[in-house]
Amino acid sequence: MKVLVIGGGGREHAIVWKLAQSRHVDKIYCAPGNAGIAEIAECIDIGMNDFDELINLVRYEWIDLTIVGPEDPLSRGIADAFEKEGRKILAPVKAAVQLEASKVFSKEFMRRHRIPTAEYKVFASYLHAEDYVRMKGAPIVIKAEGLAAGKGVVVAATTDEAVAALKRIMKEREFGDAGNRVIVEECLQGEEASFMAFTDGRTIVPMVSSQDHKRVFDDDKGPNTGGMGAYSPAPVITGELETLVMEKVMQPTIYGLREEGIKYKGVLYAGLMIKDGNPWVLEFNCRLGDPETQPVLARLDSDLVDVAMAISDERLSDIKVEWKKDAAVCVVLTSGGYPGKYEKGKVISGLDTAAGLGDVLLFHAGTEFSGGDVVTNAGRVLGVTATGRNIKAAQEQAYKAVGQIYFEGVHYRKDIANRALKADNI
Ligand code: AMP
């Protein structure tokens, strides 16, 4: 069969890599893809929000299944557009994606279904929001309502910082309409964890646990990024906690959506804060996380097409999703200056040597071909991923591979997965 993957980052490279091993797949297309993906898939230059062109591609190339990576096409209703044309797609419908695209919808939904989340209030008026922040005091969290590329959340340590964030979002309109309303939220303390599951709207199958690192510098310093690395398993998610997350978060979410007439098919991701052994939801994503996908798919033993087809046909309960025992660690290499300003077009060397090391997977994120070279073309450039018998072995191998790769200005964290090594249950 033929499969189309939409997106062009590290997550999509990992999806394409996994699909390439499927016994069902003859050909993979990727729109738009990147230099690494181009080695195993045909990259097509169609924008990921150009649904008409994508559907035409699927029709003319006889593509059987489409898998979507990024949030933007999901929140614009790519699943609805494909399903209307009778095309199979692994993506939730627009009504379901509100869980991610509208923080107000998501908070109100959680309140309706008693899903544990921080106390909050929604404001459309700057003055009311400011009064409330001054009354509550710090620490306090300010969130723009809509999608702001991960930058619309401020965890304010002081009231002044919170008020400054309100001004930027509501008065200066830093994120445009995404800041029409803000959520002012209680600040939760604890350890963060990610939880991802496959679901066909009826059956929910948790993936192996994983955790990302969001801050740009070691020891979780510096600004938030799209993700500087990730590892799997994450010791913070114990078996007991997994049961709690399923009962208190995943099941009430999927069944709650059903009660409201929305069938959720695809991947549901919950960003959690673990406080005194209990999960609290910080946010939902309606897709695989990036970079968590890289170590998680590296551990998936089952054929991804079997899983995708079972979701699409609503028979996920019929299959068993199997995982490898190995651990996996992904270290993200970024352009110097990211997440602020950075230069593109830097020649990347050492890719072949790194890829030649055992148990190493080089997932490209922001790369392209230029002349005969592979060059950088985004903030996050590569997700160097390695597997090993435990986190320590995977981490060592990942950093060995990282040491082979160079481009001008390259930056990466030196402490990816250290958090897991500190835990006592691995
Ligand atoms: P979100 O996009 O809602 O996940 O927020 C991004 C990041 O902000 C999270 O990963 C947390 O680190 C932090 N955050 C969000 N909400 C809260 C909260 N209520 N309490 C503490 N930290 C939070």
Side-chain angles (χ1 to χ4, degrees), residues 70-72 74-75 97-111 115-123 129 132-133 136-159 161-162 164-166 168-169 174-175 178-179 181-196 209-217 219-231 234 236-237 245 249 253 267-276 278-292 332 339 413 419:
E71 70 193 23
D72 211 23
L74 294 176
S75 62
V97 180
Q98 290 180 92
L99 271 187
E100 171 168 5
S102 164
K103 288 194 187 288
V104 174
F105 174 89
S106 158
K107 293 296 280 191
E108 288 175 351
F109 176 86
M110 286 190 266
R111 191 177 270 172
I115 296 164
T117 189
E119 276 306 311
Y120 70 98
K121 246 174 140 50
V122 182
F123 295 94
Y132 183 74
V133 162
K136 283 284 180 188
I140 196 155
V141 182
I142 311 292
K143 298 184 175 183
E145 167 180 23
L147 292 174
K151 296 186 192 122
V153 176
V154 175
V155 181
T158 63
T159 312
E161 213 182 305
L166 284 178
R168 280 203 312 276
I169 298 171
E174 189 174 333
F175 307 117
R181 290 192 289 179
V182 295
I183 296 165
V184 180
E185 200 173 281
E186 164 202 10
C187 186
L188 297 171
Q189 317 281 350
E191 183 167 0
E192 280 189 53
S194 320
F195 195 97
M196 298 197 285
S209 61
S210 61
Q211 188 54 50
D212 70 344
H213 295 255
K214 287 215 172 68
R215 305 290 194 107
V216 70
F217 300 125
D219 299 323
D220 291 328
K221 302 233 164 66
N224 267 328
T225 67
M228 296 298 295
Y231 53 91
V236 60
I237 309 273
V245 175
V249 177
T253 303
V267 170
L268 180 63
Y269 169 124
L272 305 169
M273 187 70 89
I274 312 302
K275 207 174 87 179
D276 304 327
N278 280 301
W280 297 75
V281 178
L282 295 176
E283 62 161 348
F284 285 116
N285 290 336
C286 296
R287 54 190 161 88
L288 286 160
D290 188 342
E292 294 94 322
V332 173
R413 278 180 62 158
R419 212 186 288 149

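Just so you know, these numbers come straight off a predicted model, no measurement behind them. For ligands, and for the atoms within them, numbers begin at 1 and follow the listed sequence. What's counted below: heavy atoms across the whole structure, side chains too, no hydrogens, waters or symmetry copies.
- Under a 4.0 angstrom heavy-atom cut-off, Gln189 registers as lying outside contact with ligand 1.
- Taking every heavy atom of Glu192 and a limit of under 4.0 angstrom, the matching atoms of ligand 1 come to 9 (C), 10 (O), 11 (C), 12 (O).
- Looking at Val153 against ligand 1, only its side chain comes within 4.0 Å, counting heavy atoms.
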List the steps, then state whether side-chain contact (heavy atoms from CB on, under 4.5 Å) holds for Phe195 with Val249.
CA-CA 10 Å; Phe195 195 97; Val249 177; over 6 Å; no
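- Listed by number with element, the atoms of ligand 1 under 4.0 angstrom from any heavy atom of Glu185 are 16 (N), 17 (C), 18 (C), 19 (N).
- Per-residue contacts place Lys143 under 4.0 angstrom from the following atoms of ligand 1 (heavy atoms of the residue considered): 3 (O), 15 (C), 16 (N).
- Both the backbone and the side chain of Cys187 come within 4.0 Å of ligand 1, counting heavy atoms alone.
- Evaluation of the salt bridge (Lys or Arg N to Asp or Glu O under 4.0 Å) test over residues 98-108, restricted to residues two or more places apart or in two chains, returns Glu100-Arg287, Lys107-Glu185.
- For ligand 1 and Glu283, the ligand atoms under 4.0 Å from any heavy atom of the residue are 1 (P), 2 (O), 3 (O), 4 (O).
- When each atom of ligand 1 is checked for a heavy atom of Ala118 under 4.0 Å away, the hits are 19 (N).
- At a 3.5 angstrom cut-off on N or O pairs, Asn224 does not count as close to ligand 1.
- In terms of polar-atom proximity, defined here as any N/O pair under 3.5 Å, Leu188 does make such a contact with ligand 1.
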